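Bear in mind that the values here come from a model prediction, so they are computed numbers and not experimental data.
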There are 2 protein chains.
Amino acid sequence: MNGRTPRGPRPSSIARVAGINYLDLGEHLGYALRRAQVASFDAFHRATAGLGITPPRFTALVILQANPGISQSTLGEVLGTARSGAMLLTDWLEARGFASRRHRADDGRAWGLYLTGRGERLIGRLRQRVRDYDRRFAARLGKREREQLLRFLERLSA
Amino acid sequence: MNGRTPRGPRPSSIARVAGINYLDLGEHLGYALRRAQVASFDAFHRATAGLGITPPRFTALVILQANPGISQSTLGEVLGTARSGAMLLTDWLEARGFASRRHRADDGRAWGLYLTGRGERLIGRLRQRVRDYDRRFAARLGKREREQLLRFLERLSA
DNA sequence: TATTGTTATACTCTATAACTATA
DNA sequence: TATAGTTATAGAGTATAACAATA
């Protein structure tokens with residue numbers, strides 16, 4: 001313990017409590033998805049401990065890396081949040097030197113968003129960590145099962 | 001439109017944005033789980049529209065039905081939240097006449113929580129609605145696929 | 001008129017910590 | 001001492017609405 005409390009939302013696992021009757025809750029896809037997602041978030045949190053990186057921030061870094069010059073509105077659309085949220089997220093990245101806003105030649109209203117060198121290095125390290133955590137988290141499934149699961153989830157999300 | 005804004009958290013879907021490069025984000029189990037969970041939450045929200053029922057509240061109702069006399073602390077444990085959160089949730093249920101607190105004979109500190117008749121009727125209707133929504137949501141999967149998915153998720157959550 | 005970014009505001013959820021009463 | 005419930009407080013996340021600048 002170092003006394004510092006992490007800032008982001010704390011993932012609290014949802015363990016099965018002994019002696020409790022859950023009825024058919026385990027048959028509900030929504031409940032099962034929620035439990036698995038919390039477990040995944042918990043693993044993500046441990047994998048990125050101390051960096052202040054949350055899943056949306058990680059996603060934003062990946063999207064900025066692959067789509068240099070993207071606007072805040074589009075970033076918000078990708079993340080599924082309102083413009084104002086995308087703006088706060090961009091503020092966070094910029095304040096830490098991971099991303100920069102540049103004026104666009106073609107549209108005076110919008111910013112173009114770019115990773116800085118520091119941001120590139122961060123996402124490089126993060127990619128590795130997140131890939132590792134994802135593999136460890138999925139270790140209870142076989143390779144084929146993991147692929148199957150991904151396809152199922154993709155079909156539900158489309 | 002009736003002008004009333006729903007109270008609970010609004011599920012905002014995470015659609016794929018055309019023209020955006022997502023790199024390998026789709027291969028991340030955490031990302032896929034999050035997207036599916038948001039889609040599921042969105043369907044749940046529509047299924048229970050107007051009732052103010054959120055997934056944790058639904059879970060609490062099921063747990064109270066199947067475990068009459070459960071304490072607030074244990075309910076919080078089941079939900080994966082702190083005691084204070086379980087208390088606010090119980091307040092919400094009690095204020096609407098869905099649940100009641102009764103003193104315990106064996107332990108003067110703890111409440112025993114029980115569904116009221118009104119709560120029983122609510123959970124009866126909700127069960128039906130939630131089961132329907134869950135089936136519709138999973139309609140993109142076959143029966144066997146749905147079962148497989150549930151087993152995969154269960155293994156990841158254990 | 002519509003859109004981008006911004007700002008202010010409000011609301012939900014949830015955690016922490018301190019307190020009380022019981023055990 | 002430890003636990004159940006309570007209360008107060010704080011923080012993160014995110015939505016809405018209004019506004020200025022630009023299209």
Rounded to the nearest 0.5 Å, what separation is found between the [atom1] atom of [X] and the [atom2] atom of [Y]?
X        : Y        : atom1 : atom2 : value
A/Thr54  : A/Phe44  : OG1   : CZ    : 6.5 Å
A/Glu154 : B/Arg16  : CD    : CZ    : 5.0 Å
A/Leu25  : A/Arg35  : CG    : CZ    : 9.0 Å
A/Arg46  : A/Arg136 : CZ    : CZ    : 8.0 Å

Between [atom2] on [N] and [atom1] on [X], what's the gap in Å once rounded to a whole number?
X        : N      : atom1 : atom2 : result
B/Glu77  : C/dA15 : CD    : P     : 13 Å
B/Arg102 : D/dG5  : CZ    : P     : 15 Å
B/His45  : C/dC13 : NE2   : C1'   : 14 Å
B/Met87  : D/dA4  : CE    : C1'   : 11 Å
B/Asp91  : C/dT12 : CG    : C1'   : 15 Å
B/Leu88  : D/dT7  : CG    : C1'   : 10 Å
B/Arg34  : D/dG13 : CZ    : C1'   : 11 Å
B/Trp92  : D/dT6  : CH2   : P     : 18 Å

The helix from C/dT1-D/dA23 to C/dA23-D/dT1: angle between end helix axes, five pairs per end, rounded to 10 degrees: 0°

Touch class at under 4.0 angstrom, heavy-atom based, for A/Ser71 against every strand present: sugar-phosphate

Touch class at under 4.0 angstrom, heavy-atom based, for B/Ala82 against every strand present: base

Close side-chain approach of B/Arg83 to B/Gln72, heavy-atom, < 4.5 Å: no

Closest to side chain of B/Thr54, choosing from D/dT6, C/dG5, C/dC13: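 Shortest atom-to-atom distance from the side chain points to C/dC13.
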
Nearest-nucleotide pick for A/Gln72, side chain only, options being D/dG13, D/dT7, C/dT6: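 The answer is C/dT6, which lies nearest to the side chain.
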
Exercise: do B/Gln148 and B/Arg151 side chains pair donor with acceptor under 3.5 Å: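 No, no side-chain donor-acceptor pair sits under 3.5 Å.
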
Quiz item: A/Ser84 side-chain donor-acceptor pair to C/dT6 base, under 3.5 Å: no

Pairs: protein N or O with nucleotides 19-23 of chain D N or O, under 3.5 Å:
residue: D/dT22; atom: O3'; partner: A/Gly108; partner atom: N; Å: 3.4
residue: D/dA23; atom: OP1; partner: A/Gly108; partner atom: N; Å: 2.6

B/Val17 versus B/Tyr22, closest heavy-atom pair with distance: N-OH, 2.8 Å

Side-chain donor/acceptor of A/Asp134 to backbone N/O of B/His28, under 3.5 Å: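 No; judged by distance alone, with no hydrogens or angles, the pair does not exist.
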
Backbone N/O of B/Trp111 and side chain of B/Ser71: donor-acceptor pair under 3.5 Å: no

Quick check on [N]: is either OP1 or OP2 less than 4.0 Å from any side-chain nitrogen or oxygen of [X]?
X        : N     : answer
B/Arg104 : D/dT3 : no
A/Trp111 : C/dT6 : yes
B/Ser73  : D/dG5 : yes

Side chain to side chain donor-acceptor pair (under 3.5 Å) contacts in which one or both residues fall within residues 86-95 of chain A, not counting sequence neighbours: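 Non-adjacent pairs meeting side chain to side chain donor-acceptor pair (under 3.5 Å): A/Asp91-A/Arg101, A/Glu94-A/Arg101.
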
